[in-house]
Amino acid sequence: MKRLSHSSRIVLILLVSLALCITPALSLAQDDLVVFRQPANEPTGLDPAQGGFGYQEMFSLYEPLVDAYSGTEVTPLAAEGWTLSEDGTTYTFTLREGLMWSDNTPVTAEQYRQSFLRQLDPATAAYAVEEFFPILNGQAYNSGEITDPNEVGISAPDERTLVIQLEQPTPYFLSYLGNTSYLPVRVDLIEQYGPEWMEAGNHVGNGPYMLTEWVHDQRMVFEQNPYYNGIWKDTRFVDRIEFVIMADAWNLAVPAFEAGEVDVAIAPASELPRLMADPEYAAMLTPVPIAGSVIMVMDTQNPPTDNVLVRQALSLAIDRQTLSAGVLRGANPPATSFSPPTIGSHNPDAGFGYQYDPALAAELLAEAGYPGGEGFPEFELTFWSLDNARLAMQAVQAMWSENLGINVTLNPLEPAAMREWRISRNEQPFNAYYGLQWAGIPDASQFANAMFDPANSLRRSRFDDPAYVDLIRSALVELDPARRTEMYLEAEAVINEQVPIISLVYESQTWLIRPNVENFIDVTTAVGTIFRYAQPPGLIVNQ
Amino acid sequence: MRTYILRRVLLMIPTMLAIFTITFFLMHATPGSPWDSTGRPLPLHVIESLNEKYGLDKPVLEQYFIFLWGIISRGDLGDSYTRAGQSVTDLLMQHFPISLQLGLVAMVFAVAGGLTLGLIGGIQPNSPVDYLTTFLSVIGISTPSYVVATLGVIVFALWLNWVPTGGWDGIFSERAVIPVIALGLGPMATIARYTRSAVVEASSQEYVRTAHAKGVSRRGVNLRHVLPNALISVVTVSGVSLVSVVTGSFFVESILNIPGIGRYFVTSVSARDYPVIIGTTLLYATLVMVMNLVIDLAYTALDPRIRYE
């Protein structure tokens with residue numbers, strides 16, 4: 001009884017002080033603050049040279065010259081416009097007037113130049129340094145052949161003009177310019193603070209939002225950059241973006257969403273059946289395609305997959321519908337062509353590698369000399385030992401056994417060990433391995449050239465058909481967009497027919513989004529999930 | 001006594017060196033490199049320049065001495081490969097205290113609960129009360145912490161809405177409730193089992209019978225004669241549990257979103273984040289050695305017959 005009266009006295013005192021101290025205007029302002037809460041993994045950093053955070057998070061903190069992610073066209077962003085010389089090798093960008101960093105200092109062309117040179121500097125060891133190789137002497141500077149940065153084809157003749165010279169006409173260069181690797185950083189502050197330049201309080205960006213708090217492994221807060229003066233200024237409807245940092249935001253965010261602690265969450269495949277069964281959550285599920293394919297790379301110079309009939313048989317014997325709906329619980333759509341639908345080269349009408357036809361598959365295998373799988377050599381399927389990969393590979397193993405009568409061995413490797421194994425396969429023969437291929441920029445070259453040009457391929461299927469290589473090399477530099485797409489469609493038809501690499505399903509994510517959140521995900525872009533914060537039409541969180 | 005402690009502390013140095021050496025060569029012998037994620041592979045020349053930047057292109061033996069010299073001369077464990085701009089020392093300083101606080105509270109909970117359960121069961125062996133406490137502790141031992149954590153989230157956060165689903169606001173916040181239970185339940189059950197059997201054993205000793213014969217009350221016998229003698233085994237098992245509890249749990253910290261050090265024991269290995277692997281291993285080793293010393297010293301306080309020269 002005594003305690004009760006004591007606590008009620010405290011409550012009374014608190015209420016009185018609240019009424020006295022806090023003006024109605026202040027409490028109104030507190031209520032009006034629009035906050036968006038999103039689960040996230042701890043970013044590896046905020047450095048555009050080292051991967052950093054997600055696309056849109058990076059674009060909120062820094063502003064690139066162009067916007068390559070809002071639609072199908074590349075549009076001006078920090079640059080108000082640009083010109084391209086007649087020979088297609090020199091871009092001249094003019095920065096918008098009055099652009100400011102979040103420390104209220106002006107943004108200059110020279111700072112963009114320094115940022116790009118920093119990416120090329122071999123000491124930076126930038127992850128996406130390849131994206132700077134189209135620049136004149138870019139590769140030579142990175143490999144140490146030349147050491148004078150003034151010989152690199154980037155110059156800033158005045159505060160607002162940036163000139164970039166290329167080695168040769170590069171139609172997709174503008175898309176690179178809109179990528180996170182081309183974001184400007186404050187080289188002076190990196191020198192001043194050392195590795196701690198990315199911490200809240202030290203970090204300075206030129207984007208619509210700024211970093212105001214970062215407690216590692218716990219939370220990160222972006223607030224509107226008061227000095228931002230760019231074109232995304234008026235589509236900032238959210239005042240604060242709070243990232244709730246989780247150990248595994250991809251798989252563990254659903255309980256926090258259910259408890260109302262975050263406004264959006266990725267729904268992992270394992271949670272989908274339960275969420276779909278609940279009408280309230282089913283209405284909040286939003287599938288988002290990603291420009292990525294789940295693939296199987298085959299060695300086209302090592303028997304038995306050196307025989308195109310075998311490769312076709314292996315591809316035709318995979319029931320992608322079952323794989324998608326049954327094995328992967330509907331989380332990923334089945335592949336109908338080598339590259340995913342959001343990429344220009346997606347070509348489901350050509351080639352027959354993507355049908356499911358067990359009878360034809362068996363026939364082709366017999367024609368190749370292995371009737372009913374008889375005499376088929378030992379065949380090993382290598383993959384990293386994560387859930388989805390294991391499920392998919394076990395399904396493929398079963399389908400091949402049932403439809404073709406061949407028995408393959410599964411070779412699961414721990415992910416880090418798999419990387420090393422895969423690199424060693426550049427030299428050594430293999431049978432087939434599992435992988436993912438994503439497009440870093442919305443361009444068909446990310447599938448065709450990145451995977452099949454023998455000069456820069458990271459996924460060696462050793463499919464070195466000279467006619468095909470010629471085709472993708474000339475498509476890469478083709479300046480006429482219509483002709484270019486046509487060439488890539490033709491190239492894709494070759495891959496669908498010759499199947500050096502099989503696509504199984506396309507990458508996809510399913511998000512839970514609260515009904516009061518609008519414009520969070522943009523599904524029209526070609527690289528897939530782009531979250532909007534300031535990017536038009538602007539993220540809206542209704543209170 | 002002082003010489004004994006000094007000798008034990010000095011012995012830690014070669015032990016640490018051996019642990020460092022074994023860990024260093026084991027992790028370098030494991031296939032895989034720190035670069036590249038499971039997604040898009042990095043081009044080979046980028047991997048080469050990353051190796052160069054972090055000194056991984058040098059011969060392993062040279063790397064070993066550079067690393068060792070860094071620790072000895074500057075106490076520097078190097079920078080994390082996966083956390084740009086964070087040194088391993090920063091990382092340990094930032095995340096270990098959180099696991100330590102949680103672990104200590106969980107151990108208080110475990111010791112208090114375990115002693116009570118064990119004592120209740122042990123003084124009335126084979127009674128219904130004993131069966132009940134035994135049942136409870138078997139449940140506690142056989143339920144993994146991640147099950148407790150998940151159930152905790154479902155019951156306390158999602159059904160009852162008493163606490164948030166996870167996160168960290170300091171040890172005195174409501175967010176600490178589920179992790180403390182999840183971390184403490186296993187050790188509590190173990191301590192309860194050890195206490196029970198130690199109490200049963202002590203109860204059958206001559207000195208207990210003597211005490212009874214002298215007319216000491218039941219309560220007095222249990223508190224003054226049985227419990228102190230039963231404590232030796234409890235101290236041993238608590239000390240061992242303490243080290244594993246204060247270094248956090250990968251599952252509990254991941255599920256409950258706690259920024260402790262526990263998950264780094266696992267993620268650093270799968271990411272081949274060499275400096276963090278060394279850092280967490282040395283931290284664990286130090287704690288084990290210190291704890292063993294503390295336990296040994298605690299014996300002298302509990303049992304006057306034990307002496308160290």
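Chain identifiers are assigned alphabetically (A, B, ...) following the order of the sequence lines, protein sequences preceding nucleic acid strands; residue numbering begins at 1 within each chain. In what follows, every heavy atom counts, from backbone to side chain, and hydrogens, waters and symmetry copies are set aside.
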- Query: Out of curiosity, A:Leu252 CG to B:Ile255 CD1, how far, rounded to the nearest 0.5 Å?
  - Reply: 7.0 Å
- Message: Closer than 4.0 angstrom, basic N to acidic O: yes or no for B:Arg272 and A:Glu414?
- Response: yes
- Task: Compare every heavy atom of B:Ser270 with every heavy atom of A:Ala416, then report the nearest pair and how far apart it is.
- Result: CB-O, 3.8 Å
- Would you say B:Tyr146 has more than 12 foreign heavy atoms packed within less than 6.0 Å of its OH? no
- Item | Rounded distance [0.5 Å steps], CG in A:Asp217 versus OH in B:Tyr264 | 3.5 Å
- Interface moiety of A:Ser143 toward chain B, non-hydrogen atoms closer than 4.5 Å: neither
- Note on the structure: Closest non-hydrogen contact found for B:Leu50 with A:Tyr127 is CD1-CE1, 3.6 Å
- Message: Testing the basics here: between A:Pro122 and B:Ser49, what is the closest heavy-atom pair and its distance to 0.1 Å?
- Response: O-CB, 4.1 Å
- Query: Counting heavy-atom pairs under 4.5 Å to chain B, which of A:Met198, A:Glu130, A:Arg219 comes out on top?
  - Reply: A:Glu130
- In terms of heavy-atom proximity below 4.5 Å to chain B, should A:Leu46 be classed as side chain, backbone, both, or neither? neither
- Check: A:Glu261 side chain, B:Thr165 main-chain N or O, donor-acceptor pair, under 3.5 Å: yes
- Message: Report which part of A:Val215 has an atom under 4.5 Å of a heavy atom belonging to chain B: side chain, backbone, both, or neither.
- Response: neither
- Item | Heavy-atom neighbours of A:Glu427 CD exceed 12 at 6.0 Å | no
- Message: Can you give me the closest heavy-atom contact between A:Pro255 and B:Val153, atom names plus distance?
- Response: CB-CG1, 4.1 Å
- Item | Best-contacting candidate, A:Glu42, A:Glu258, A:Met418, A:Glu196, against chain B by heavy atom pairs under 4.5 angstrom | A:Glu42
- Task: Would you mind reporting whether A:Ile245 and B:Asn257 have side-chain heavy atoms less than 4.5 Å apart?
- Result: no
- Item | Point-to-point distance, once rounded to the nearest 0.5 Å, from CD of B:Gln86 to NE2 of A:His216 | 4.0 Å
- Note on the structure: Per-residue tally against chain A (heavy atom, under 4.5 Å) across B:Gln94, B:His45, B:Glu48 peaks at B:His45
- Between A:Arg419 and B:Ser33, is there a donor-acceptor pair closer than 3.5 Å when you use the side chain of the first and the backbone of the second? yes
- Note on the structure: When rounded to the nearest 0.5 Å, the distance separating NE2 of B:His95 from CD of A:Gln218 is 8.0 Å
- Which portion of A:Asn251 sits near chain B, non-hydrogen atoms under 4.5 angstrom: neither
- Should B:Arg263 and A:Asp248 count as an ion pair when the cut-off is N to O under 4.0 Å? no
- Item | Region of B:Asp90 that comes under 4.5 Å of a non-hydrogen atom in chain A | side chain
- Message: Working to the nearest 0.5 angstrom, can you tell me the gap between B:Thr82 OG1 and A:Gln50 CD?
- Response: 12.0 Å
- Note on the structure: Ranked by heavy-atom pairs below 4.5 Å to chain A, first place among B:Glu253, B:Arg83, B:Lys53 goes to B:Arg83
- Message: Counting heavy-atom pairs under 4.5 Å with chain B, which one of A:Ala123, A:Gly45, A:Ala417, A:Ala389 comes out on top?
- Response: A:Ala417
